[in-house]
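For reference, the structure is listed below as structure tokens.
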Amino acid sequence: MYNNPLPPNTPDSEQQLYQRALALAGYTMKELAEAAKLPIPENLKRDKGWVGMLLEYYLGACAGSKAEQDFPHLGVELKTIPINALGNPLETTFVCVAPLTGNSGITWESSHLRHKLHRVLWVPVEGERSIPLAQRRIGSALLWSPDVDEEQQLKHDWEELMDLIVLGKVESITARHGEVLQIRPKAANSRALTEAIGEFGQPIMTLPRGFYLKKAFTRALLAKHFNL
DNA sequence: GCGTGATCATCA
DNA sequence: TGATGATCACGC
């Protein structure tokens, strides 16, 4: 039927990680879940991170780790990205939590976001809801680092958004700010609270936010790799 | 609550 | 119908 998927141990080089990811292309969620003896949910409504966790398992990432990247020894971050039949992203991509306090002295160069995006292993996965989760297939992986233009775009948006946060305007930020990067809620629910800077410089409690890559950015990134 | 993994689902 | 704001699960 299909070859044995790879054993779960951590890769010791970027190339090995990449080859391992490429070897998963074409497999369905059902095949991978069964081979790993993992239960597969009917859909992702209550298991939104399921595909990501499955890929972490197969690629040997440090699951549940709080490290900066999924493969700290390789300096690589793993991102699964849901795509449609045309290869276009179906969702924005969460990058990291937006820091709302303690930002004095933080620059783009030293930012968590830049570090996370320095090297990313993108694994496209069929994500259309019309396809039962079990039948969705893994696509061809892509090892990526931002080029000069992409880095400039990211830096521009990051600086603009961080300015608003530092200046106490976090609650005026909407997902429409930013060209390639956006800030949106990232919380258990809308009642979750975390500390931030208020409009008069005072501490306030507000909804936790996260940085997300807009679809146009990831779409272009995928297209550049697969269409050239 | 925070940070990991993200997608859901409502409404403009 | 697509994007914004909301939400789900888990370990600690």
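Chain letters run A, B, ... following the sequence lines, proteins first and then strands; every chain starts at 1. None of these values were measured; they are calculated from a predicted model.
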Next on the checklist: Using a heavy-atom cut-off of 4.0 Å across all strands, would you classify A192(A) as base, sugar-phosphate, or nothing?
Outcome noted: sugar-phosphate
Checklist entry - Hey, does the side-chain of K214(A) have a donor or acceptor N/O within less than 3.5 Å of a partner on the base of dT4(C)? => result no
Next on the checklist: Between P185(A) and V97(A), which residue's closest nucleotide on DNA chain B lies nearer the 5′ terminus?
Outcome noted: V97(A)
Next on the checklist: Just the rounded figure in Å: distance from C1' of dA6(B) to CG of N43(A).
Outcome noted: 14 Å
Item to check | Interatomic distance, M29(A) CE vs dT7(B) C1' [rounded to whole Å] | outcome: 15 Å
Checklist entry - Quick one: is K215(A) getting a side-chain N or O under 4.0 Å of the dG2(C) phosphate, OP1 or OP2? => result no
Checklist entry - Within less than 4.0 Å of OP1 or OP2 of dA6(C), is there a side-chain N or O belonging to K48(A)? => result no
Checklist entry - Does K48(A) come within less than 4.0 Å of E91(A), counting only side-chain N to carboxylate O? => result no
Polar pairs (N or O, both sides) under 3.5 Å between protein and nucleotides 9-12 of chain B?
residue: dA9(B); atom: N7; partner: R129(A); partner atom: NH2; Å: 3.4

Next on the checklist: Between the base of dA6(B) and the side chain of Y212(A), is there a donor and acceptor pair under 3.5 angstrom?
Outcome noted: yes
Checklist entry - Considering only dA9(C), dC2(B), dT4(B), which nucleotide approaches the side chain of R46(A) most closely? => result dA9(C)
Checklist entry - To the nearest Å, how far apart are Q69(A) CD and dG5(B) P? => result 11 Å
Item to check | Partner of H115(A) by side chain to side chain donor-acceptor pair (under 3.5 Å), out of E77(A), E68(A), E109(A) | outcome: E68(A)
Checklist entry - According to a strict under-4.0 Å criterion, is T80(A) in side-chain N/O contact with OP1 or OP2 of dG5(B)? => result no
Checklist entry - Starting at the 5' end of DNA chain C, which residue's closest nucleotide do you reach first, D47(A) or T92(A)? => result T92(A)
Checklist entry - Is a donor-acceptor pair below 3.5 Å formed from side chain K79(A) to base dG5(B), judging by atom type as modelled? => result no
Next on the checklist: For a quick check under 3.5 Å, do E171(A) and T206(A) share a side-chain donor-acceptor pair by atom type?
Outcome noted: yes
Item to check | Sequence-distant partners of Y18(A), ring pair (Phe, Tyr, Trp, His ring centres under 6.0 Å), two or more places apart | outcome: none
Checklist entry - Could you state the CE-P distance from M53(A) to dG3(B), rounded to the nearest angstrom? => result 17 Å
Checklist entry - Rounded to the Å, how far apart are D70(A) CG and dG3(B) C1'? => result 12 Å
Checklist entry - Using a cut-off of 4.0 Å on non-hydrogen atoms, how would the nucleic acid contact of L90(A) be classed: base, sugar-phosphate, or nothing? => result nothing
Checklist entry - dG2(C) P sits how many Å from R219(A) CZ, rounded? => result 11 Å
Item to check | Close side-chain approach of V180(A) and L154(A), heavy atoms under 4.5 Å | outcome: yes
Checklist entry - Whole-Å distance between dA6(C) P and R209(A) CZ? => result 9 Å
Checklist entry - Going from CD1 on I173(A) to CG on L100(A), what distance comes out if it is rounded to the nearest 0.5 angstrom? => result 8.0 Å
Checklist entry - When all nucleic acid strands are considered with a 4.0 Å heavy-atom cut-off, which category describes T93(A): base, sugar-phosphate, or nothing? => result nothing
Checklist entry - How is G49(A) classified with respect to the nucleic acid when contacts are heavy atoms under 4.0 Å: base, sugar-phosphate, or nothing? => result base
Next on the checklist: Testing R137(A), R136(A), Q135(A) one by one against E126(A) for a side chain to side chain donor-acceptor pair (under 3.5 Å), which residue passes?
Outcome noted: R137(A)
Next on the checklist: Measuring to OP1 and OP2 of dT7(C), would you say a side-chain N or O of S190(A) lies under 4.0 angstrom away?
Outcome noted: yes
Item to check | Whether over 12 other heavy atoms sit under 6.0 Å from K214(A) NZ | outcome: yes
Checklist entry - Is V166(A) reachable from I204(A) through a run of hydrophobic residues whose side-chain heavy atoms are each under 4.5 Å from the next? => result no
Checklist entry - In whole angstrom, what separates K186(A)'s NZ from dT4(C)'s P? => result 17 Å
Checklist entry - At under 4.0 Å, does any side-chain N or O of R184(A) touch on OP1 or OP2 of dA3(C)? => result no
Next on the checklist: Quick check on DNA chain B: between T194(A) and E56(A), whose nearest nucleotide comes earlier from the 5' end?
Outcome noted: T194(A)
Checklist outcome for this item: Assert: residue with more 5' nearest nucleotide on DNA chain C, out of Q182(A) and R191(A), is Q182(A)
